[in-house]
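Heads up, the thing below is written out as structure tokens.
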2 protein chains.
Amino acid sequence: MPRRPPALSVEPPRATIADVARAAGVHPSTVSRALNPDTRAMVTDAVAVRVAEAAEQLGWRPSMLAAGLRTRRSRTIGILVPDLVNPVFPPIVHAAEVRLAEAGYATLVANTDNDPDREAMMIERMAGHLVDGLMLASAAKGSQAVDLCRRRRIPTVLINRRLPGAEFSAVTNDDRHGMALAVEHLVALGHRRIAHLAGPSGISTAVDRRSGFRSAVRAAGLDPDLMPIMAADAYTIEAGRCAMERLLELGGFTAVAVANDLLALGAYDALGAAGLRVGPDVSVTGFNDMPFVDRISPPLTTIRIQHAEMGGRAAGLLLAAITEPATSRTDILLQPKLVVRHSTAAPEA
Amino acid sequence: MPRRPPALSVEPPRATIADVARAAGVHPSTVSRALNPDTRAMVTDAVAVRVAEAAEQLGWRPSMLAAGLRTRRSRTIGILVPDLVNPVFPPIVHAAEVRLAEAGYATLVANTDNDPDREAMMIERMAGHLVDGLMLASAAKGSQAVDLCRRRRIPTVLINRRLPGAEFSAVTNDDRHGMALAVEHLVALGHRRIAHLAGPSGISTAVDRRSGFRSAVRAAGLDPDLMPIMAADAYTIEAGRCAMERLLELGGFTAVAVANDLLALGAYDALGAAGLRVGPDVSVTGFNDMPFVDRISPPLTTIRIQHAEMGGRAAGLLLAAITEPATSRTDILLQPKLVVRHSTAAPEA
DNA sequence: TTGTAGGCGTTATCAA
DNA sequence: TTGATAACGCCTACAA
């Protein structure tokens, strides 16, 4: 008795253009033309239909790989983020994805974990996969990312973080102004001794927010050199806690302007551990307005950046760079705004 | 006077193995062998050195693409998540990345946005990029993902969500038991009328938690048919708010066991809008213990899943599936546990 | 309009 | 150990 093949049979090896050609009784090149939307016009309708049917029949799928080997394009964009666990990034990535999808591009995300070596590796990898463009949210001093992209001629845009010498377009926040907003808010509440919990050196957001802090303090008629400043060594809650602890040892402030929301959460922890209430005892401002900081206790007063705008604009710039490689660099500076919640209050009399 | 080339010159087209061969005075195959770590042993040291120098000199970089065309491997793994903005996923992804990196695999993440079409597209795309394996966190009823992976013979593991008929290994949580933990906690506090805010049908976590809810209610000696149940149509805050509003119209409960943390946040909103205090007036439990729910107000009592364990174990299973394709399917059921915070309390007398 | 031939950059399989 | 040759799957001149 003949056995029937099992229901969940594994298919034979992928059909290729050659297989389709054989089935349709035409030459492989004809199949290539018939199956490629851009060249279908070169082929008789009758042939096109016959080929399409054969392809359908055989379950032919284009191999982007083989195609890419010739065309060197993949309609895929890579996005490198320094830390996927940081909730600022997903909304930015998502906005970019939406915009890129509209233009027919798929998006692949890679996590560099703030490690320049991993970053370089992922760029190599993405380049190897022939991404048509790259969005770098992971830029940091000492990273060779930009150089790699330039050498490999990968259209690239920087997001969220600037990089001094880079010749790529960038979409960033006006970090100096954002931090000024925070300082002005604290000063308006009556604070005169304001600490700054800075981000890791080497990252533009940290540098700019820090210099923005000093300028704003000076603009308020205070002496920046009197304000305690402590840099965290990563944009993480833990690093924020450590830095805040050291700031507390220094003392001499009634408010602290923190360089980002994750660090601010760490500051909450250190303050809490020291028996201080955020708001009534010490005012805290964050930066980013990342998801959920409006729901924490106390709700964080912070500087809201335009997440969606950032992703969307960066995607637009990248698409432009891809279709018009000669286009000169464009920088977009997004304006953040202050969102007052309950982590800030007037200093105690 | 001869002009020097500009400092930031764009490099000539990439050197290929053929170029290196020419420079080193050997055959391209020899270069291939000398440059490939796995085959270096086949070549004299002298030759290997000479080839390596020539390659270095010319700035040769391997083309994964061309190599993949032959080997059909890329040492790259794809992870599909339904929603990157949901903070449960990044920790899982990260744990997987770490494990995979140890094994020499790079990880590419794609966002399906809970859209089966996008999911299928991304799988095609990843397959086209020759990923060596896939981790699917996006499984849902009606998705053709599993079928696609099977047909394309892509080693695959399911994470977080089961899929009824799938023949792939899976790492999931004991969702039924987890929800029982929540119900038992509420019953122990004295609640007798407990609502369930369920997740979207078609997703295993929603289905299992819902059935776990009913079983646990029955096990507590209560009648599940008396408990109001309302399903949200997505795992989002907004959907949670809507569902909670409808639950409030039904009324007749002092506590609500919610299917996930994001939905619970939505429930917080609806409850707040109705003038009810979470905790004192209505108890709320979540599920996942995603980042930050310990810091919201009030801190959420929830069911903690093993994020890191899940990512790591899934990566291990996938690596096994890749190296040992014949291995039979393995299912790992991770045990969640109850974390009591302040969103639950005894019902008012 | 269709077929032919060559190549994209690498690796596998022979034979030398 | 090394070299020669032929794929891998597709695309593009160019020729017919």
Side-chain angles (χ1 to χ4, degrees), chain A residues 12-52 54-55 58-75 124-125 127-130 152-153, chain B residues 12-52 54-55 58-76 124-125 127-130 132 152-153:
Chain A
R14 281 260 296 292
T16 75
I17 276 197
D19 299 325
V20 177
R22 216 168 299 124
V26 294
H27 193 274
S29 2
T30 306
V31 174
S32 171
R33 290 191 270 257
L35 259 20
N36 184 334
D38 299 341
T39 48
R40 173 161 312 144
M42 299 179 179
V43 146
T44 331
D45 279 1
V47 172
V49 169
R50 197 145 44 94
V51 168
L58 295 171
W60 176 84
R61 312 262 106 209
S63 158
M64 319 207 65
L65 191 77
L69 197 53
R70 292 269 326 155
T71 63
R72 315 207 56 86
R73 280 182 289 100
S74 66
R75 294 198 82 73
E124 290 286 352
R125 197 67 65 132
H129 286 310
L130 279 192
R152 290 196 162 241
R153 293 205 197 75
Chain B
R14 281 259 297 290
T16 74
I17 277 195
D19 300 325
V20 178
R22 218 168 297 124
V26 293
H27 194 274
S29 343
T30 306
V31 174
S32 171
R33 290 191 272 256
L35 259 21
N36 184 332
D38 299 340
T39 49
R40 174 162 310 145
M42 299 178 179
V43 147
T44 331
D45 279 1
V47 173
V49 168
R50 196 146 44 96
V51 168
L58 296 171
W60 175 84
R61 313 259 106 210
S63 160
M64 320 205 62
L65 192 77
L69 195 55
R70 289 272 327 156
T71 63
R72 312 209 56 84
R73 281 181 290 100
S74 65
R75 297 198 79 75
T76 302
E124 291 286 354
R125 198 67 66 134
H129 286 310
L130 277 192
D132 295 344
R152 290 197 161 239
R153 293 206 197 77

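FYI, side chains are in, hydrogens and waters are out, and symmetry mates aren't considered; it's all heavy atoms of this structure. Lettering follows sequence order; numbering is per chain, from 1.
- Checking each of B/Val20, B/Val51, B/Val43 against B/Val26 for a side-chain contact (heavy atoms from CB on, under 4.5 Å) leaves exactly one that passes, namely B/Val51.
- Residues A/Trp60 and A/Val31 fail the side-chain proximity criterion, which asks for heavy atoms closer than 4.5 Å.
- Heavy atoms of other residues, nucleotides or ligands lying less than 6.0 angstrom from CG of B/Asp38 number more than 12.
- Atom-to-atom, CE of B/Met42 to P of C/dT10 comes out at 18 Å; the value is rounded to the nearest Å.
- In this structure, CG of A/Asp38 is placed 13 Å from P of D/dA13, rounded to the nearest angstrom.
- Taking only side-chain atoms of A/Ser29, from C-beta outward, the nucleotide of D/dC10, C/dA5, C/dT10 with the closest atom is C/dA5.
- Rounded to a whole Å, the CZ atom of B/Arg70 is 15 Å from the P atom of D/dC10.
- Closest-nucleotide positions on DNA chain D for B/Arg72 and A/Thr39 were compared, and the one nearer the 5' end corresponds to B/Arg72.
- Between B/Arg22 atom CZ and D/dG3 atom P the separation is 15 Å, expressed in whole Å.
- At whole-Å resolution of the value, CG in A/Leu35 and P in C/dT2 are 14 Å apart.
- Residue A/Arg33 contributes atom CZ, which lies 7 Å from atom C1' of C/dG3 at whole-angstrom precision.
- Within 6.0 Å of the CZ atom in A/Arg73, the count of heavy atoms belonging to other residues, nucleotides or ligands does not exceed 12.
- Contact between the side-chain N/O atoms of B/Asn36 and the OP1/OP2 oxygens of C/dT11 is found at a separation under 4.0 Å.
- Residue A/Thr30 places at least one side-chain N or O under 4.0 Å from the OP1 or OP2 atom of C/dG3.
- Nucleotide C/dG9 holds its P atom 7 Å from the CG atom of A/Leu69, rounded to whole Å.
- Of the residues near DNA chain D, A/Arg61 and B/His27, the one whose nearest nucleotide (by heavy atom distance) lies more toward the 5' end is B/His27.
- Looking at heavy-atom distances under 4.0 Å, B/Pro62 makes contact with sugar-phosphate atoms alone, never a base.
- Taking CG of A/Leu58 as the start and CD1 of A/Ile17 as the end, the distance is 12.0 Å to the nearest 0.5 Å.
- Per the geometry, CD1 belonging to A/Ile17 stands 18 Å off P belonging to D/dA7, to the nearest Å.
- Taking side-chain N and O atoms only, B/Thr44 has a distance below 4.0 Å to OP1 or OP2 of D/dT2.
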